Amino acid sequence: MTDFDRAQLRRSVLYVPGDRPRAVSKAETLAADAIIFDLEDAVAPGAKADARETVRAHFAAFPASDRERVIRINALSTPWGTEDVLAARAAMPDAILIPKADDVADVLAVADALDETDAAETMRLWAMIETPRGVLNAPAIADLSRQSGARLDCLVVGTNDLAKEAGMAGATARQHLHAWLMQIVLAAKAGGACVLDGVFNDHKDAAGCAAECRQGAEMGFDGKTLIHPAQIAPANAAFAPAAEDIERARRLVAAFASDDNAGKGVIAFEGSMAELLHLKQAERLLARAAAAAQRERSESP
Ligand code: COA
Ligand code: MG
């Protein structure tokens, strides 16, 4: 199993409540890199069956998509979990998102359920880290991405649940969560998993959302989970490489490729040292930039 391919774009990952058919079909027309069709917290207990049916019908009508599609199920410990896994598996999304993953067993239980129905190996698992136990066990959970058969390739932070579980209230919660978020990022990087930041709740606050997207990118997240179409553009911008970084990466790749530097492991570059790890970093950045440019071309009318 290889590490998450960081050239793959998951800058903007939009939740859509499974019981809102209009929003479900609209999601496919938006510029999000990935969509999470939600059967869990965005859906009231009385609407669970409706949501399952809406999502089933959507995947049946649109079996293919040019973006990643994920279905968030209810936990297996709830009355809806088992039926959700079977319905999600039948819909054939790219991945199933497991909520409130406390430990490795919560992920393996869903992996086992998929194995029992002979689900293709390409059907991946994403896990929400949104409980205190989940944060403490994040290293072991993220390590599953190296374990063949565990299917895990992405950790998704659930900041609202985490703040609630930890008893943090109000607007300062993210500030206090900071150390835990960095622990989750660290665990994901060590395990070779993708890691996505939590949502920004005030979908009318465009400046606040853009600032939090940039902060998430600076912290090392691969992308941000979103709740509203208006949040897609700021996330795509914040998690795509900046123009000056692209230019610098191009110059660095060219410097390593020059005759003077042939075969060298370390070179002098624009007044500082550049090693092969910087070359690899530059190549990844260019791959992400190319993927972003290609997506932009395919989205433009
Ligand atoms: N995905 C797709 N489309 C969405 C959307 C979403 N998450 N949120 C809103 N839209 C659509 C609406 O359907 C509407 O489309 P229309 O004009 O074609 O009818 C348009 O975007 C504008 O919506 P707006 O009126 O601004 O929002 P709203 O008041 O209908 O909904 C929320 C606001 C917050 C309730 C809604 O955005 C939402 O449910 N977000 C997801 C919440 C969620 O999944 N939470 C769980 C994870 S934290
Ligand atoms: Mg949650």
Side-chain angles (χ1 to χ4, degrees), residues 10 12-45 47-48 50-52 54-55 58-59 62 65 67-78 80-81 84 88 93 95-102 106-107 110 126-135 138 141 154-168 173-174 177 180-181 184 195-206 208-209 212-213 216 221 223-236 299:
R10 287 182 186 150
S12 50
V13 178
L14 179 69
Y15 285 104
V16 51
D19 62 340
R20 284 184 61 181
R22 196 181 159 92
V24 162
S25 48
K26 189 183 180 98
E28 298 270 0
T29 69
L30 302 169
D33 288 334
I35 307 166
I36 298 173
F37 298 87
D38 193 18
L39 305 177
E40 202 226 7
D41 281 352
V43 178
K48 296 290 187 191
D50 268 4
R52 215 182 278 134
T54 298
V55 172
H58 177 76
F59 275 79
F62 303 95
S65 174
R67 66 208 72 216
E68 263 189 303
R69 298 190 296 182
V70 180
I71 298 177
R72 182 164 77 168
I73 59 170
N74 289 279
L76 286 183
S77 57
T78 68
W80 311 287
D84 283 355
I96 291 176
L97 174 56
I98 303 165
K100 302 177 178 71
D102 272 338
D106 289 332
V107 178
V110 181
W126 292 14
M128 301 233 32
I129 305 296
E130 53 182 345
T131 62
R133 281 189 64 204
V135 177
I141 295 172
C154 188
L155 300 185
V156 182
V157 178
T159 32
N160 285 331
D161 269 296
L162 201 47
K164 175 182 131 248
E165 292 292 311
M168 293 173 184
R174 185 169 172 92
L177 283 173
W180 300 357
L181 299 183
I184 299 168
V195 61
L196 302 177
D197 199 356
V199 300
F200 183 76
N201 292 325
D202 185 353
H203 62 87
K204 299 218 162 95
D205 177 2
C209 178
E212 199 173 284
C213 288
F221 283 105
K224 190 164 179 69
T225 48
L226 311 172
I227 54 164
H228 192 274
Q231 299 180 327
I232 295 171
N236 283 346
E299 303 282 350

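Both ligands and their constituent atoms are indexed starting at 1 by order of listing. Owing to the predicted nature of the structure, the values given are computational and were not obtained by experimental measurement.
- Taking CD1 from I71 and CD1 from I35, the interatomic distance works out to 11.0 Å, rounded to the nearest 0.5 Å.
- Neither the backbone nor the side chain of T225 has any atom closer than 4.0 Å to an atom of ligand 1 (non-hydrogen atoms only).
- The Mg ion (ligand 2) has an N, O or S atom of D161 closer than 2.8 Å.
- Note that CD1 of I232 and CG of L14 are 5.0 Å apart. Values are rounded to the nearest 0.5 Å.
- Taking any N or O of I227, backbone or side chain, at least one lies under 3.5 Å from an N or O belonging to ligand 1.
- Put simply, atom 29 (O) of ligand 1 has no protein non-hydrogen atoms near it, under 4.0 Å away.
- Under the 4.0 angstrom criterion, atom 25 (O) of ligand 1 counts as lacking any protein heavy-atom contact.
- Of all the heavy atoms of R72, the ones lying under 4.0 Å from any atom of ligand 1 belong exclusively to the side chain.
- Residue contact check: A42 has heavy atoms under 4.0 Å from atoms 43 (C), 44 (O), 45 (N), 46 (C) of ligand 1.
- Among all protein heavy atoms, the one lying closest to atom 11 (C) of ligand 1 is K26 CD, 3.6 Å.
- E28 places a side-chain heavy atom less than 4.5 Å from the side chain of R69.
- Under a 4.0 angstrom heavy-atom cut-off, E40 registers as lying outside contact with ligand 1.
- Counting only distance, with no hydrogens or angles, the side chain of R10 and the backbone of A34 share no donor-acceptor pair below 3.5 Å.
- If you number the atoms of ligand 1 from 1 as listed, the ones under 4.0 Å from a heavy atom of R20 come out as 12 (C), 13 (O), 30 (O), 31 (O), 35 (C), 36 (C), 38 (C), 39 (O).
- Ranking protein heavy atoms by distance to atom 22 (C) of ligand 1, first place goes to H228 NE2, 4.0 Å.
- Protein heavy atom in closest approach to atom 39 (O) of ligand 1: P17 CG, 3.3 Å.
- Note that CG of L196 and CD1 of I129 are 11.5 Å apart. Values are rounded to the nearest 0.5 Å.
- Each of the following atoms of ligand 1 lies closer than 4.0 Å to a heavy atom of D38: 46 (C).
- Partner of L39 under the side chain to side chain contact (heavy atoms under 4.5 Å, CB included) criterion, out of D19, N74, L97, T54: N74 alone.
- Listed for the S12 side chain is a donor-acceptor partner under 3.5 Å among the backbone atoms of D33.
- Residue contact check for ligand 1: D41 places no non-hydrogen atom closer than 4.0 Å to it.
- Judged by distance alone, the side chain of S25 and the main-chain N or O of P21 form a donor-acceptor pair under 3.5 Å.
- Contacts between P229 and ligand 1 below 4.0 angstrom, taking non-hydrogen atoms only, involve the side chain exclusively.
- Taking the six-membered ring for Trp and thresholds of 30 and 60 degrees, F59 and F37 have ring planes more than 60 degrees apart, a perpendicular arrangement.
- Within ligand 1, the atoms closer than 4.0 Å to a non-hydrogen atom of V16 are 1 (N), numbered from 1 in the order shown.
- A donor-acceptor pair under 3.5 Å is absent between the side-chain atoms of K100 and the main chain of T131, judged by distance alone.
- When the Mg ion (ligand 2) is compared with the N/O/S atoms of E130, atom OE1 turns out nearest.
- Given atom 1 (N) of ligand 1, the protein heavy atom at minimum distance is L14 CD2, 3.4 Å.
- In this structure, N201 CG and T159 OG1 are separated by 7.0 Å, a value rounded to the nearest 0.5 Å.
- Here the protein heavy atom with the shortest distance to atom 3 (N) of ligand 1 is A23 CB, 3.7 Å.
- Shown are N160, L226, V157; of these, the side chain to side chain contact (heavy atoms under 4.5 Å, CB included) with V199 is made only by N160.
- Of all atoms in ligand 1, listed by their number and element, those nearer than 4.0 Å to a heavy atom of H203 are 33 (C), 34 (C).
- Among protein heavy atoms, the minimum distance from atom 18 (O) of ligand 1 is reached at R22 NH2, 3.0 Å.
- Checking side-chain atoms of Q231 against main-chain N and O of F200 turns up a donor-acceptor pair under 3.5 Å.
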